[in-house]
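A, B, ... follow the sequence lines: proteins, then strands. Residue 1 opens every chain.
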There are 2 protein chains.
Amino acid sequence: MAGVSKKTVSRVINDSPLVRGETREAVKAIIRETGFAPDPQARGLAFRRAFLVGLIYDNPNPQHTVSHQQGLLDAFQGSGFELVVRPVDRTSPRRLDDIRSFVERQKPFGVVLPSPVSEDEALVALLKELDCRYVRIASVPLDEPDRMVVSHDGEGAAQAARHLADLGHRRIALISGPPNFRSSHERRKGFEAGLAERGLSLDPALVRQGGYTYETGVEAARELLALKDRPTAVFALNDEMAAGAYTSAHAAGLNVPAELSVVGFDDAPIAARLWPPMTSVRLPLRDMGRLAGELLVPTVQRQPVLHDVQPELIVRASTAAFPTS
Amino acid sequence: MAGVSKKTVSRVINDSPLVRGETREAVKAIIRETGFAPDPQARGLAFRRAFLVGLIYDNPNPQHTVSHQQGLLDAFQGSGFELVVRPVDRTSPRRLDDIRSFVERQKPFGVVLPSPVSEDEALVALLKELDCRYVRIASVPLDEPDRMVVSHDGEGAAQAARHLADLGHRRIALISGPPNFRSSHERRKGFEAGLAERGLSLDPALVRQGGYTYETGVEAARELLALKDRPTAVFALNDEMAAGAYTSAHAAGLNVPAELSVVGFDDAPIAARLWPPMTSVRLPLRDMGRLAGELLVPTVQRQPVLHDVQPELIVRASTAAFPTS
DNA sequence: GCACCTAATGATACCGGTGTCATTTTCATT
DNA sequence: AATGAAAATGACACCGGTATCATTAGGTGC
């Protein structure tokens, strides 16, 4: 090496304050010249902590997973952290053993839990027991602020409600989500709040429960459209079910948006590809991943640090004024 | 420990032949009882090779990425390997430096390259230079067999061709893909071969080049449907473009499938959610990932080892006999 | 029963960093 | 210039495994 001991180089790399500015610069110069980079394995061994972050997901929507990955990696840029993926089956009891062995063996620096895994309190309890850092991504605060990325699904749903109300709709149906998803409650609450702002309320007769799947959306919409006094608009709590509503509208011979306005949630790729292109609430998934990453690891902070994210209503062609001119 | 030295335990763990059967069993028993698992960091440090596999992808289709991840993890079950994800921008020259620093620093056991990254010969050359194991996933053999998972896209396209031909279609259009994707050529060649089997050939006037995106599909189909003697069926080389064909059919007031049959490729989630549900060629993405994983790492081989994968035509409602009754 | 060869095991260094604590340097104070 | 405290640096053990090579155990031939 160039003048100093192994340990001093180590100090420079780890930003220890115990190095003279002069020495520090000299070492840094050598590091730049030689392109030296410490071995993560050896560092991890000595630290008893790997420079890995786990993404533990169980999301039927691949778009979510990939966007979160992207965002996390945005945050890890240049920090030397790697992202390892761990799909789990949230319904399987084995998931806890899987995660336990993962954490105990790999000693990851931390893990990220997107919804719906973020709502798995048994899993979170396990992580606490194992003293493993984590950040949850969910529609609502479930934990201390610096362990949470909150997507404010309610606000997005409220935007959808205001949009439909402002278009003149009064008979607005809701296809809700599975009760064991927090997002389902948040979106519904937000939707009702948005309606209330416009002096409307949700008619219980126009609510059907779905399961966040295409098939349940088809069925729920089929029932709603078969009502004597059928709704003029329907809000589905995710795009899969909204796509199902399209299908049932087609089956019933109803034109979207002339006879039925449809709004979805997620702005999945499918939203823009259906005919007519669907109005939907977009979540900034990549930014959410990035925020989670920034909360978890000591970021190099090249890019501005995010502090919050907000959903956004993307208005396309599946919503029209009622009564239609 | 229980009777033997550190090194002997190490030998047992690494399946060294230099241990007496008796000793081996004794050590294994203790390992089972105590649930001992070697530290991957330490092992990696000593081996100068991490127990990580990188997935280097640049695929606009999140379904592909997530399915490949699933398959790889299927293969890694119990092997102690972890999957780390590395999205790259295949058009950026920086990608090579990114991957070089990843491989040099992390020393991954190997990497998996799904299409289109698998066709990036500069990147593959780099991996060879770095002496990094890799497996490519592509539509056609590009390398030694044990470094390749071949998806036989041509055969899938041929199935689509035979299907349309057997339905009585004669004026069959093709929306091709970008020329810098091997899959684009393979699918096209396979499609022509399938037509030839039925005594048909592709009319150059009915071919439009697309770019594997929704928008290019819209445009290509728009042109095709505006022809004086318009096609009765169209095969798009991926589902995104096929969705675009739906859009243009809607815009032209044409009914699918009565006036236009449409077949896509990939069987993306969107295929089943469009109206009418779309016929498409399904690639066994998860199996492809699993096969790649089995080729790369010494698998525990609990599940049967895969040797090949084949595409499959999923017939839905976007294709009908012509002339329509 | 002894020499001898092979199979099985162990002692020790080492992988590439970090923690601890002793040592040296620096610099303000007297 | 001597003193002492604080700041900077280095020596060495250690993280938890594996490689190398020496050593011991076990079996064979005569």
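Shown here is A:Arg90, whose CZ atom has more than 12 heavy atoms of other residues, nucleotides or ligands within 6.0 Å.
Nucleotide C:dT18 holds its P atom 11 Å from the CG atom of A:Leu45, rounded to whole Å. Rounded to whole angstrom, the span from the CZ atom of B:Arg24 across to the P atom of C:dA7 amounts to 15 Å. As rounded to whole Å, 9 Å separates atom C1' of D:dA19 from atom CZ of B:Arg48. B:Asn14 has its CG atom 17 Å from the P atom of D:dG16, to the nearest Å. C:dG17 atom P lies 17 Å from atom CG of B:Asp39, rounded to whole Å. Whole-Å rounding puts the B:Arg105 CZ to C:dG17 C1' distance at 13 Å. Look at CD on A:Glu25: it is 16 Å from C1' on D:dA8, rounded to the nearest Å. Between the CD atom of B:Glu22 and the P atom of D:dA25 there is a distance of 15 Å, rounded to whole Å.
Using a 4.0 Å heavy-atom criterion, one finds that B:Pro40 contacts no nucleic acid atom at all. Among the protein residues, A:Phe36 comes within range of the sugar-phosphate backbone only, with heavy atoms under 4.0 Å from sugar or phosphate atoms but none that close to a base.
Residue A:Arg43 places its side chain closer to C:dG17 than to any other of D:dA8, C:dG17, D:dG17. Side-chain proximity of B:Lys7 to D:dG17, D:dA19, D:dA8: nearest is D:dA19. When distances are taken from the side chain of B:Thr8 to each of D:dG17, C:dT9, D:dG10, the shortest belongs to C:dT9.
A:Thr23 has no side-chain polar atom (N or O) that falls below the 4.0 Å cut-off from OP1 or OP2 of D:dA8.
Taking the six-membered ring for Trp and the full ring otherwise, the centers of A:Phe109 and A:Phe51 sit at least 6.0 Å from each other.
Contact of A:Arg11 with D:dG10 (side chain to base): a donor-acceptor pair of N or O atoms is detected under 3.5 Å. A donor-acceptor contact under 3.5 Å is not formed by the side chain of A:Lys6 with the base of C:dG16.
A residue-by-residue look at A:Arg20 and A:Phe47 shows that A:Phe47 has its nearest nucleotide of DNA chain C further toward the 5' end.
The existence of a salt bridge linking B:Arg136 and B:Glu121 is confirmed by a sub-4.0 Å separation between a basic side-chain nitrogen and an acidic carboxylate oxygen. Ion pairing between B:Asp98 and B:Arg86 fails under the 4.0 Å rule for side-chain N and carboxylate O.
B:Tyr134 and B:Asp143 form a side-chain donor-acceptor contact under 3.5 Å, judged by distance and modelled atom types alone.
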